[in-house]
Amino acid sequence: MKILNSISPENPELLQRPRIDALFSRAVNCSLVTVVAGPGYGKTQAIGSFIKTAAQRCARMHFRKFDDIPARFWRNFTNALKDSAPELSDRLFSLGFPEGAAKCDAALCMFAEEARRGAPILLIIDDYPGGGGHIAADGSPDTSSGGGSEVDAFLEALVGAGILDVHLILSGRREIGVGRLDCVCDGGLFQITAGDLAFTDDEIGALFSLRGQSLSIREAHELGQYTDGWPLALYLLSLNPVPKLPAAGAWRTADRDVVCPDVIGAMFEKDFFTSYDERARLGLIGLSLISDIPAEMIRRAPPNLGSPGPVIPGGLNANDAKAIAEALNTNLFVSYDRATRLYSFHHMYRAFLAEKQSLLTDEDKNRLWLIAGEAFLARGSIPEAIDCLMKCARYDRVVEAICRYFSLHAAAPRELAGYFEEKLSLLPQEFCGQNPLVRYMQAAISLNNLDTERAYTLLCELEAKLHGRVTQGERGGQSGGPDGGQPGGAGNGQSDGF
């Protein structure tokens, strides 16, 4: 069965739904549209289908783990505008993230000028966390830091400006905190919910007809009641003969808002896992370790970084890469973002694959995390690289990545500097003791954050430590110690990181 990625609105395996297109057509007359529904409600596909024929110029970005860092958000946001408004994209990128009233006003003026010159502009942000802060490991907003982010503040300003013919769609799995946005939204707020996206009886009949199955009006109605019109459940059921249904009520737990994973997992297993060969299955399991997968990990077979084991990226040959790429590109629950060249799994499908990660050895996982980390480093995606490198305990590369960032940038945004500081604090004491560069980078980050007192203290401690090493090394050399006069015992093969 040939299935295109879910990000593609032209997917012939999916039902086109004029009702949803009409709903979005009405919605985008408002300044702000929120699309909030749980996994499997077809938010991505619904928006993709609408923008395929929309009269507006559409710019779409996927809000990823570190996009609450202003500079990262701005890079991806302006990149999304490249196709529909290239001149505006370049001007906004040159301006930089609009922190402060003056730069924010300049950005809003640029939007207004662009809207007057051409068709209306529709800005779409998928997987918006809705409340500020990082996205946690489970995909939910991490609000531990409290308060909204600078990105939230910019979006509030954009909506609050009420610019004619500039509209914003925020899509997410959890309730989007639109309280402040609603207050400043002069052009109106339109909310699309799970109830709107659920299949009607007529759409259920049309979906099964697309699969070559004929349902009576009564059967379509009963199936709708059975599944609550949940698009994912209906899609999976339509792949099989209608009588082969799970037990009534099995779709959800008693909470009815929580999907029952066993039923969905069984259907994923049959139609979107065992149908692939072993290389592709192991590849999918391995890649589920990573939330966003650089395309180059698949398209260019990396060097063999470990001993032979399950065939996952890291031990790829040309045939392996081809099998895994085919599985990614033909799976409805894998999307590919052409702007960022990143693959990502549907949240529920990734959870299904994660249950199988016990098939991988620690060596397999470390090899894949290392390859992913190096791929992100090559892209200049430092936070993602550090995440992967920490997991495979390549602390030397973590420190090098942070050094690389500061070699290319005069300063780091507050959020990014905090992230660097957090990761450095998690490095093992033994490693830090052998690598004075860690303490030096901590001092540099303190200075970046204008905490000069802490930076001075750290540098004094580092100076004392290095002076003690030199003195100890001199004594060792005079006495013909076992280190052969190498300062700090460098004869043991460990690098000080300098």
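Along the sequence shown, residues carry numbers from 1.
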Query raised in the report: Can you list the steps and then say if Thr200 with Arg17 is a side chain to side chain contact (heavy atoms under 4.5 Å, CB included)?
Result: CA-CA 10 Å; Thr200 65; Arg17 304 170 70 191; 6.0 Å; no

**Report entry** Phe93, CZ: over 12 other non-hydrogen atoms inside 6.0 angstrom
**Finding:** no

Query raised in the report: With sequence neighbours left out, what residues match Asp277 under salt bridge (Lys or Arg N to Asp or Glu O under 4.0 Å)?
Result: Arg279

Report summary line: For Glu355, the salt bridge (Lys or Arg N to Asp or Glu O under 4.0 Å) test, sequence neighbours excluded, returns none

Query raised in the report: Is a donor on one side and an acceptor on the other found under 3.5 Å between the side chain of Thr78 and the backbone of Trp74?
Result: yes

**Report entry** Note: Arg397-Glu400 ion pair, threshold 4.0 Å (strictly below)
**Finding:** yes

Report summary line: Interatomic distance, CG@Asp271 vs CG@Leu236, rounded to 0.5 Å, equals 7.0 Å

Query raised in the report: Quick one: which of Glu384, Glu150, Glu415 gives a salt bridge (charged side-chain N to carboxylate O under 4.0 Å, His left out) with Arg72?
Result: Glu384

Query raised in the report: Hey, are Glu269 and Lys356 close enough for a salt bridge, meaning a charged N less than 4.0 Å from a carboxylate O?
Result: yes

Report task. Could you check whether the rings of Phe345 and Tyr349 sit parallel, tilted or perpendicular, using 30° and 60° as the cut-offs? Result -> tilted

Query raised in the report: Would you call Lys65 and Asp387 a salt bridge, taking side-chain N to carboxylate O under 4.0 Å as the test?
Result: yes

Query raised in the report: Would you call Arg394-Glu374 a salt bridge at under 4.0 Å N-O?
Result: no

Report task. Could you tell me whether Arg57 and Asp83 have a side-chain N and a carboxylate O separated by less than 4.0 Å? Result -> no

Report summary line: On a heavy-atom basis, the closest approach of Tyr405 and Ala411 is OH-O, 3.7 Å

Let me check something: any side-chain donor-acceptor pairs from residues 283-295 under 3.5 Å, sequence neighbours excluded? List them with distances.
| from | atom 1 | to | atom 2 | distance (Å) |
| --- | --- | --- | --- | --- |
| Ser288 | OG | Ile285 | O | 2.6 |
| Ser288 | OG | Gln357 | NE2 | 2.9 |
| Asp292 | OD1 | Arg64 | NH1 | 2.5 |

